[in-house]
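What follows is a set of notes on a single structure, which appears directly below.
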Amino acid sequence: MKGRPLLPFAITAIVGILLMVALSFVGLDQRAQMNADDTEEAEEVTEFEDPVTAGQELAQQSCIGCHGGDLGGASGPAINALDGKYSVEEIADIITGGYGSMPAITNLNDVEADAIAQYLLAESE
């Protein structure tokens, strides 16, 4: 090793790079499995028996942080008086796709977003 003092460092670097690449593929595989599990769970909910009640519970989990406990507005605008402004489909699209400064709520599926929309319109009447 007297003639090649950098050889041990080069070998260590190559082994390290190979390990990082191998672990990256393991991580990608685990991520794909987790996404597949999430998709299966999301597909289990096809519709709610009472979408307005389910929407109220989901809104309490997903909306009150920005829109306030009574949905009358906080850092986000009031969403407790939407009757006549938007349809159920439009509200569900805003929830899942975002609008203006509101980010898309990606942890909700279409059925859950629709339930929240029905709840918001029922509360606005």
Side-chain angles (χ1 to χ4, degrees):
M1 292 283 168
K2 287 185 180 185
R4 298 182 184 171
L6 297 179
L7 187 61
F9 296 110
I11 292 172
T12 303
I14 291 171
V15 169
I17 291 171
L18 291 174
L19 283 172
M20 286 186 344
V21 169
L23 291 175
S24 295
F25 284 114
V26 170
L28 288 173
D29 183 53
Q30 288 179 346
R31 183 176 180 186
Q33 288 176 356
M34 288 186 344
N35 287 341
D37 292 343
D38 290 343
T39 303
E40 289 173 9
E41 289 176 15
E43 290 175 359
E44 290 176 12
V45 178
T46 55
E47 75 179 61
F48 294 108
E49 196 170 303
D50 183 7
V52 174
T53 302
Q56 180 180 13
E57 293 172 10
L58 290 165
Q60 291 298 316
Q61 296 168 5
S62 302
C63 305
I64 64 170
C66 297
H67 298 284
D70 63 350
L71 304 176
S75 63
I79 56 172
N80 58 359
L82 298 177
D83 191 35
K85 294 180 183 178
Y86 299 101
S87 69
V88 170
E89 293 80 19
E90 290 171 326
I91 295 171
D93 286 343
I94 291 170
I95 292 169
T96 57
Y99 181 78
S101 62
M102 179 180 161
I105 309 299
T106 58
N107 63 336
L108 296 173
N109 63 35
D110 292 339
V111 174
E112 293 167 330
D114 190 64
I116 292 174
Q118 289 183 43
Y119 163 69
L120 292 175
L121 289 178
E123 286 296 303
S124 297
E125 294 177 345

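From a predicted model like this one, the values you see are computed outputs, not experimental measurements. Excluded from the calculations below are hydrogen atoms, water molecules and symmetry mates; all remaining heavy atoms, backbone and side chain alike, are included.
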Within this structure, what is the [atom1]-[atom2] distance for the pair [X] and [Y], rounded to the nearest 0.5 Å?
X	Y	atom1	atom2	value
T53	Q118	OG1	CD	10.5 Å
T12	I17	OG1	CD1	11.0 Å
S87	D93	OG	CG	8.0 Å
D114	N109	CG	CG	10.0 Å

Restricting to non-hydrogen atoms, name the atom on [X] and the atom on [Y] that form the minimum distance, rounded to 0.1 Å.
X	Y	result
L121	Y86	CD2-O, 3.7 Å
N107	I105	OD1-CG2, 3.1 Å
R4	P8	O-CD, 3.9 Å

Q.
Which residues pass the side-chain contact (heavy atoms from CB on, under 4.5 Å) test with V15, not counting sequence neighbours?
A.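 Scan of V15 (side-chain contact (heavy atoms from CB on, under 4.5 Å), adjacent residues dropped) gives I11, L19.
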Side-chain polar contacts of residues 95-104 - donor-acceptor pairs under 3.5 angstrom, sequence neighbours left out - could you list them?
unit_1, atom_1, unit_2, atom_2, d
T96, OG1, A92, O, 3.1

Q | Members sharing V26's hydrophobic cluster (side chains within less than 4.5 Å) | A |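 Via sub-4.5 Å side-chain contacts, V26 links to none.
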**Q.** Residues clustered with L18, ILVMFWY side-chain links under 4.5 angstrom
**A.**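 Its cluster mates, by chain and number, are I14.
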(Q) side chain to side chain contact (heavy atoms under 4.5 Å, CB included), that's the test. Do L120 and N80 meet it? Break it down for me. (A) CA-CA 6 Å; L120 292 175; N80 58 359; over 6 Å; no
Q | Short side-chain to backbone donor-acceptor contact, Q30 and G27, under 3.5 Å | A | no
Q.
Among residues at least two apart in sequence or on other chains, which ones pass side chain to side chain donor-acceptor pair (under 3.5 Å) with D110?
A. none
Please table the atom pairs, donor to acceptor, closer than 3.5 Å between any side-chain atom in residues 55-72 and protein atoms at least two apart or in another chain.
unit_1, atom_1, unit_2, atom_2, d
S62, OG, L58, O, 3.3
H67, ND1, P77, O, 2.6
D70, OD1, G72, N, 2.9

